[in-house]
Amino acid sequence: MKPAVQSSSGRNIIELKGIIKRFYIGQPNELEILHGIDLSVKEGEFVSIVGASGSGKTTLMNIIGVLDRPTEGEYILDGVDVAKAKDRELSGIRNQKIGFVFQTYNLISRTSALRNVELPMMYAGVGKKERQERAKHYLEMVGMQDRMTHKPDELSGGQKQRVSIARAMTNNPSIILADEPTGALDSKTGRRIMDIFHRLNQEEGKTIVLITHSNELAEETQRIVTLKDGEIIGERKGSAVC
Ligand SMILES: Nc1ncnc2c1ncn2[C@@H]1O[C@H](COP(=O)(O)OP(=O)(O)OP(=O)(O)O)[C@@H](O)[C@H]1O
Ligand SMILES: [Mg+2]
């Protein structure tokens, strides 16, 4: 493991200004879900987003992760103006800069943990030997070295989530976006997953944006952003050191 790094550089890696998201559900109906979000996240920061079901957290996360584009507003991701970038450039950014972790793991069921972790590197054109070495390294990091040949069906929920974190890490992204990563897990297993995030943040300097329903887990992060009906209604400091 690398030595501890300075967690926050002071530079904004995520910068959202006046983000509006509307969904068009058949003309002339449109549904405005995000009503002008201003949010900046510094490089190396660990931020959580909390809010009731339907408040727009996943919609916002999809925009942050460039899985979706805002209807209006400006998004600068690591110096790149997302609105001006072509789709191909965006998928490159997504693959190289961002690691996603989802509540439902999104692993491919018919193949092993090792192969699941290798997949993003295949898309990135990494050779077989390096791919396997890196996949093993990250699976070891999350304590899954004994389960590498297991398929997702042969793993517990917490183990699946650890595989999905290893997968998110493979292209060494600067940002990890996690949407309810502990939502389907019991509190002890959720605790273990949170410990991995803290380690990635403190030891590897990863910027982490975590969506959670758990106030307790949110409190552990550096900053808690509260979303209500598509607007940020508050921000406060958490207990993690910056
Ligand atoms: N593709 C879509 N088309 C139309 N409406 C959508 C679409 N995606 C999301 N919505 C609506 O946007 C609102 C916010 O949804 P979102 O998934 O962002 O909520 P959330 O805060 O993540 O909720 P949860 O905590 O339940 O995951 C919801 O009312 C939802 O119905
Ligand atoms: Mg959601």
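Fair warning: this is a prediction, and the values are worked out from it, not measured in the lab. Position 1 is the first residue of the sequence, and the numbers go up from there. Whatever order the structure lists them in is the order used to number ligands and atoms, beginning at 1.
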- Item | Min heavy-atom dist G230 to ligand 1 below 4.0 Å |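 G230 does not count as a contact of ligand 1 under the 4.0 Å cut-off.
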- Sub-4.0 Å heavy-atom approach of G51 to ligand 1: no
- Message: Looking at atom 22 (O) of ligand 1, tell me if a protein heavy atom falls under 4.0 Å from it.
- Response: yes
- Task: State whether any protein heavy atom lies less than 4.0 Å from atom 6 (C) of ligand 1.
- Result: yes
- Query: Are any non-hydrogen side-chain atoms of E74 and L16 less than 4.5 angstrom apart?
  - Reply: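 They are not in contact (no side-chain heavy atoms under 4.5 Å apart), so the answer is no.
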- Item | Which of the ligand 1 atoms, numbered from 1, are nearer than 4.0 Å to a heavy atom of A52 | 21 (O)
- Message: Show the atoms of ligand 1 that are less than 4.0 angstrom away from any heavy atom in H213.
- Response: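 Those qualifying, in numeric order: 25 (O).
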Got the closest protein heavy atom to [atom], with its distance?
{"atom": "atom 14 (C) of ligand 1", "answer": "G54 O, 3.4 Å"}
{"atom": "atom 3 (N) of ligand 1", "answer": "F23 CG, 3.4 Å"}
{"atom": "atom 26 (O) of ligand 1", "answer": "S53 OG, 2.6 Å"}
{"atom": "atom 17 (O) of ligand 1", "answer": "T58 CB, 3.7 Å"}
{"atom": "atom 25 (O) of ligand 1", "answer": "K57 NZ, 2.7 Å"}

- Just do the side chain to side chain contact (heavy atoms under 4.5 Å, CB included) check on Q145 and K136 with the steps written out, would you? CA-CA 7 Å; Q145 59 277 12; K136 282 180 186 161; over 6 Å; no
Could [X] and [Y] be called an ion pair, given the rule that one side-chain N must be under 4.0 Å from one carboxylate O?
{"X": "E45", "Y": "R11", "result": "no"}
{"X": "K129", "Y": "E133", "result": "yes"}
{"X": "E32", "Y": "K21", "result": "no"}
{"X": "R191", "Y": "D195", "result": "yes"}
{"X": "R110", "Y": "D153", "result": "no"}

- Query: Counting N and O atoms only, with roles assigned by atom type, does the side chain of D186 sit under 3.5 Å from a partner on the main chain of T189, one being a donor and the other an acceptor?
  - Reply: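 Yes; at least one donor-acceptor contact below 3.5 Å.
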- Flag, side chain of D81 to backbone of A83, donor-acceptor distance under 3.5 Å: yes
- Between D68, L227, D229, T59, which one has a non-hydrogen atom sitting closest to atom 16 (P) of ligand 1? T59
- Does the side chain of N106 come under 3.5 Å of the side chain of T104 through a donor N or O and an acceptor N or O?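 Yes, side-chain donor-acceptor contact under 3.5 Å.
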- Query: Regarding N116 and K160, is there a side-chain donor-to-acceptor distance under 3.5 Å anywhere?
  - Reply: no
- Message: For the OH atom on Y123, are there more than 12 heavy atoms of other groups (residues, nucleotides or ligands in this structure) within a distance under 6.0 Å?
- Response: no
- Message: Using a 3.5 Å cut-off on N or O atoms only, is I33 in polar contact with ligand 1?
- Response: no
- Task: Could you see which bit of E180 sits under 4.0 Å from ligand 1, with heavy atoms only: side chain, backbone, both or neither?
- Result: neither
- the Mg ion (ligand 2): protein N, O or S atoms [distance under 2.8 Å]: T58 OG1
- Item | The single option from D78, N171, T207 passing side chain to side chain donor-acceptor pair (under 3.5 Å) against K97 |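 In the set D78, N171, T207, the residue that makes a side chain to side chain donor-acceptor pair (under 3.5 Å) with K97 is D78.
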